[in-house]
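Lettering follows sequence order; numbering is per chain, from 1.
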There are 2 protein chains.
Amino acid sequence: MSAENAAPAKKPSRIQLRNRKKILEAALDVFSQHGYRGATLDQIAEQAGLSKPNILYYFDGKEAIHVTLLSKLMETWLDPLHEMDPNGEPLDEICAYVRRKIRMSRQFPRESRLFANEILQGAPRMAPHLESDLKPLFEEKCAVIREWMKQGKINKVDPRHLIFSIWATTQHYADFEAQVTVLTPGEKDIIKGAESYLDTLFRNLLTP
Amino acid sequence: MSAENAAPAKKPSRIQLRNRKKILEAALDVFSQHGYRGATLDQIAEQAGLSKPNILYYFDGKEAIHVTLLSKLMETWLDPLHEMDPNGEPLDEICAYVRRKIRMSRQFPRESRLFANEILQGAPRMAPHLESDLKPLFEEKCAVIREWMKQGKINKVDPRHLIFSIWATTQHYADFEAQVTVLTPGEKDIIKGAESYLDTLFRNLLTP
DNA sequence: CTGCTTTTTTACCATTTGGTAAATTGACGA
DNA sequence: TCGTCAATTTACCAAATGGTAAAAAAGCAG
């Protein structure tokens, strides 16, 4: 009868909305930098400019904050793949997907690292989401790509590995930023170069 | 006069050797799964089959264990890149490097995740190593590759992004194993397929 | 302004965690 | 066999951490 969801009861007040947003924003900062177990409520509280008990007034606990964050993130994360159009020009569709992904790496590096942290540690709080949200989309798009290959529009490779390599190469710039920064000093926008490199990489792979 | 290093004094006894190894092995397990802050000495102690104070008898503290682990790892990690021979056949050298890296992903997934965890969190305890060990090697090999390109042996691309993409694609199978497993169920050795896919990927990129 | 609800603060807890001191046991050469 | 040093255990800490209860303050409809 009652919803035991993130939204406690009925209509979230103006204050609720504002403070929840502040908390999630702060939590994204802290979780993405230290991982789930390394993050503390005190850090999140300070970053959000609220007291710890006040944070626990808005969320049921540390884990609830993390789960909320991951759930919201999942949509954003799958969007670029969703946009891949089965009726478009295959090579263009795939290259456009790569471009969207690399741009997300620049625009949402914290989200990328939050995701990476969770997967790295075995996805303990996200396995269900992977199974229910990511997997069906992944299989759908694999089928689309496989069809394109069957029609001779692009070269034949294992579509699963193709997608893995797109994820890996694009997210690398956010997830391993610390390393990239050490190795390419003085480069103000290394991702710009990555964009054209990755375009070449996947174009050469898939062009017959 | 006395060394405050990992080796306390003079000649490590048989017991010292055995127990240090047990501790590092256990720590690799725990740190690679939970990250630095998420790992506890109690977990490491239990995994190693020793008591917590006994572990602190062999190492100066949690951080010392982690640093020791990362230092030893660095060698192993750079080896495959070191082996890339400036006098070999360019395309073969690069593809052989890719093969060595992907095999390390299968053989040393914990090491890969330990490394990834550290970099993800900004490399707080490894930045010096990156600067002193990784960077010179990276720049050396970039120069080698650039020379190969200048000679027209392989296609011209930014060698830095080339290396980044090799690291990203190969380490992906260890670091994101939880995700890969969900998306490719029943596959007993997905890395085997990755090996041939990545060979095609980089061969098509670099073949003139 | 008044009374009621929502929000925030204050003051605490219980547990976990990295670490230590000192006592106890074990190894081993003379 | 004994004495000495290395290794291990026992018994603790102090700080950090996730979380709670209840009082105080702030909003706000009437």
- prompt: With a distance cut-off below 6.0 Å to the six-membered ring centre and an angular limit of 45° from the axis, does Arg106(A) pair with Tyr173(A) as a cation-pi contact?
  reply: no
query: If you draw the axis of the six-membered ring of Phe31(B), does the NZ or CZ of Lys62(B) fall within 45° of it and under 6.0 Å from the ring centre?
result: no
[X] vs [N]: side-chain N/O to OP1/OP2 distance below 4.0 Å:
X	N	result
Asn19(A)	dT8(C)	yes
Tyr57(B)	dA7(D)	yes
Gln16(A)	dT6(C)	no
Arg37(B)	dT16(C)	no
Ser51(A)	dT9(C)	yes

Could you check how far [atom1] of [X] sits from [atom2] of [N], rounded to whole Å?
X	N	atom1	atom2	value
Asp42(A)	dC12(C)	CG	C1'	14 Å
Arg20(B)	dA7(D)	CZ	P	10 Å
Ile23(A)	dT7(C)	CD1	P	11 Å
Ile44(B)	dG19(C)	CD1	C1'	14 Å
Leu50(A)	dG19(D)	CG	P	17 Å
Asn54(B)	dT9(D)	CG	P	6 Å
Leu41(B)	dT20(C)	CG	C1'	13 Å
Ile55(A)	dT17(D)	CD1	P	14 Å

message: Check this for me: does the side-chain of Lys52(A) come within 3.5 Å of the base of dG18(D) through a donor and an acceptor?
response: yes
- line: CE of Met74(B) to CZ of Phe115(B), rounded to nearest 0.5 Å, is 5.0 Å
- request: Calculate, to the nearest 0.5 Å, the distance between atoms OG and CD1 belonging to Ser196(A) and Ile191(A) respectively.
  value: 12.5 Å
When you measure from the side chain of [X], which nucleotide among [options] comes out closest?
X	options	value
Pro53(A)	dG18(C), dT10(C), dT17(D)	dT10(C)
Lys62(A)	dT9(D), dG18(D), dA7(D)	dG18(D)
Ile15(B)	dT8(D), dT8(C), dG19(D)	dT8(D)

task: Apply the test side chain to side chain contact (heavy atoms under 4.5 Å, CB included) to residues His66(A) and Glu118(A): give CA-CA distance (whole Å), side-chain angles for both, the deciding distance (0.1 Å), then the verdict.
output: CA-CA 10 Å; His66(A) 195 242; Glu118(A) 174 71 7; 3.3 Å; yes
message: Please classify the nucleic acid contact of Arg14(A) as base, sugar-phosphate, or nothing, using heavy-atom distances under 4.0 Å.
response: sugar-phosphate
message: Students often get this wrong, so: under 4.0 angstrom with heavy atoms, is Ala39(B) touching a base, only sugar-phosphate, or nothing?
response: sugar-phosphate
task: Nearest-nucleotide wise, let me know which of Tyr36(B) and Arg18(A) is further upstream toward the 5' end of DNA chain C.
output: Arg18(A)
